[in-house]
Structure formats: C-alpha cells, structure tokens
Amino acid sequence: MKKFLFLLLIVSVLSSCAVLDYPKRIAGYSVANFENEQEGRFSFISDLEPQKAYNKCNLFIFENNLQTNFKSKKKLYIVASKFTLLYEYTLDSTETAFFISKTENNKSKIEVVSNNTRLAKFVYNKLSEYFKK
C-alpha cells in the first residue's frame, strides 16, 4: 500500500504543468521566458482569422530567411532566430516569439516578444507592415 501511495505521489508531481515544462526548458523548447516578458512585447490586431495569421507569420519567417526554432500549430506560436539578417544589432541566437490569439469577430492578435526590446520593436514594425500587404 505504501508503494502504491508513493507511486501515486510521484505520478501526480510529474503530471503537474510546472514540472512538465522543465524538460522543455532544458531542451530549449519552452516559451515560459517569453510569457513573462513585458518590455519586449508588442502587439497588433489583424483582420485575418488566427490560423491564417499563423500561416502568414510562418511565411514572413520563410521569406526573410529566418530560422524557426520551434512552433505549435495547435497553440499558435512560433519561436524564431537568425535575425541578424534583418537587424544587425543582435546575435544569431537571440530568439523572438510570435503568439497569435483569437479576438472578437474572428480577428487575430499578433504579439511579437523578445528579451531584446529593440529587436522586438524592429520585428514588430516589419511584421505589421508585412500584414498590411
């Protein structure tokens, strides 16, 4: 009985969201560092529905020869790097995240987030112009 309770305790601890995020953080696939960023967060509203806005963000990354580090089509986010091709005052490894969420009337809110505030603002300006095309 004690072994069963101990096993149940281990399973419940491992199944919590906080613990499950640690392997992703170690592997470099976590977006937790972007979720708490405040200064390097810029957003705009697009008339596109969320899935189309996600696809357009992917196209922006592709057309600018950026590197997609990881993405989630289900959760509608993309993390990319290699922004030195567009913005010379950054490192190749500096990541920028694109979060897409649904707003009213099936529109999209696109957030550009980076720990480098100047890079985030630069990418935000480029992306918002790209969405106007």
Side-chain angles (χ1 to χ4, degrees):
M1 182 67 173
K2 289 182 182 180
K3 289 181 182 180
F4 176 74
L5 289 176
F6 180 73
L7 183 62
L8 186 61
L9 177 67
I10 295 293
V11 169
S12 66
V13 168
L14 291 177
S15 65
S16 73
C17 294
V19 174
L20 289 178
D21 191 48
Y22 283 114
K24 289 181 182 179
R25 287 182 187 190
I26 291 169
Y29 293 105
S30 176
V31 293
N33 59 325
F34 297 113
E35 292 171 347
N36 298 326
E37 179 63 39
Q38 295 302 316
E39 287 184 38
R41 180 180 297 271
F42 301 93
S43 63
F44 63 94
I45 303 295
S46 170
D47 289 334
L48 296 175
E49 61 185 47
Q51 192 61 48
K52 289 183 179 179
Y54 173 81
N55 292 339
K56 192 154 186 172
C57 285
N58 272 314
L59 192 58
F60 172 80
I61 291 168
F62 175 76
E63 288 180 359
N64 287 288
N65 298 316
L66 304 172
Q67 178 180 333
T68 301
N69 295 356
F70 55 97
K71 59 186 174 179
S72 173
K73 193 171 186 176
K74 181 179 177 184
K75 294 181 180 179
L76 299 177
Y77 69 79
I78 308 163
V79 177
S81 62
K82 302 285 186 191
F83 285 94
T84 52
L85 299 170
L86 295 176
Y87 186 73
E88 63 183 66
Y89 304 108
T90 189
L91 300 173
D92 273 345
S93 60
T94 304
E95 295 179 325
T96 299
F98 303 87
F99 294 101
I100 298 93
S101 57
K102 184 177 180 179
T103 63
E104 59 199 41
N105 300 329
N106 208 24
K107 293 182 179 184
S108 301
K109 177 181 179 182
I110 294 97
E111 291 182 280
V112 178
V113 185
S114 179
N115 295 329
N116 181 335
T117 305
R118 291 180 179 167
L119 174 63
K121 181 69 171 172
F122 177 81
V123 173
Y124 159 78
N125 289 332
K126 286 279 198 190
L127 188 65
S128 59
E129 286 298 317
Y130 186 78
F131 266 75
K132 292 178 183 177
K133 293 181 186 178

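Bear in mind that the values here come from a model prediction, so they are computed numbers and not experimental data. Only this structure's heavy atoms are used, side chains among them; waters, hydrogens and symmetry mates stay out. Positions are given from 1, in the same order as the sequence printed here.
- In this structure, Tyr77 and Phe99 have tilted ring planes: the angle between them lies in the 30° to 60° band.
- Between Phe83 atom CZ and Phe122 atom CZ the span is 9.5 Å, to the nearest 0.5 Å.
- In this structure, the side chains of Thr103 and Pro50 stay at 4.5 Å or more apart for every pair of heavy atoms.
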* From CA spacing to verdict: side-chain contact (heavy atoms from CB on, under 4.5 Å), Phe98, Lys71 -> CA-CA 9 Å; Phe98 303 87; Lys71 59 186 174 179; over 6 Å; no
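- Considering only heavy atoms from C-beta on, Gln51 comes within 4.5 Å of Lys73 through its side chain.
- Atom-to-atom distance recorded for Leu86:CG and Asn64:CG is 4.5 Å, nearest 0.5 angstrom.
- Closest of all the heavy-atom pairs between Glu111 and Ser43 is CG-CB, 3.6 Å.
- Taking OH of Tyr54 as the start and OG of Ser72 as the end, the distance is 6.5 Å to the nearest 0.5 Å.
- The main-chain N or O of Thr94 is never found under 3.5 Å from a side-chain atom of Ser81 such that the two would form a donor-acceptor pair.
- Rounded to the nearest 0.5 angstrom, Thr68 OG1 and Ile78 CD1 are separated by 6.5 Å.
- How far CG of Asn115 is from CD of Glu39: 10.5 Å, rounded to the nearest 0.5 Å.
- Phe42 has its side chain within reach of Thr117: a pair of non-hydrogen atoms, C-beta onward, lies under 4.5 Å apart.
- Side-chain atoms of Cys57 and Ile110, non-hydrogen and from C-beta on, do get closer than 4.5 Å to each other.
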* Would Glu129 and Lys132 satisfy salt bridge (charged side-chain N to carboxylate O under 4.0 Å, His left out), going step by step from the backbone distance to the final call? -> CA-CA 5 Å; Glu129 286 298 317; Lys132 292 178 183 177; 3.5 Å; yes
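- In this structure, Lys56 is positioned above the aromatic face of Tyr130, its NZ or CZ under 6.0 Å from the six-membered ring centre and within 45° of the axis.
- Side-chain atoms of Ser108 come within 3.5 Å of backbone atoms of Leu48 as a donor-acceptor pair (strictly under, hydrogens ignored).
- Here the shortest heavy-atom pairing between Ala53 and Phe131 reads O-CZ, 3.6 Å.
- Interatomic distance, CG of Leu59 versus CD of Glu63, reported as 4.0 Å (0.5 Å rounding).
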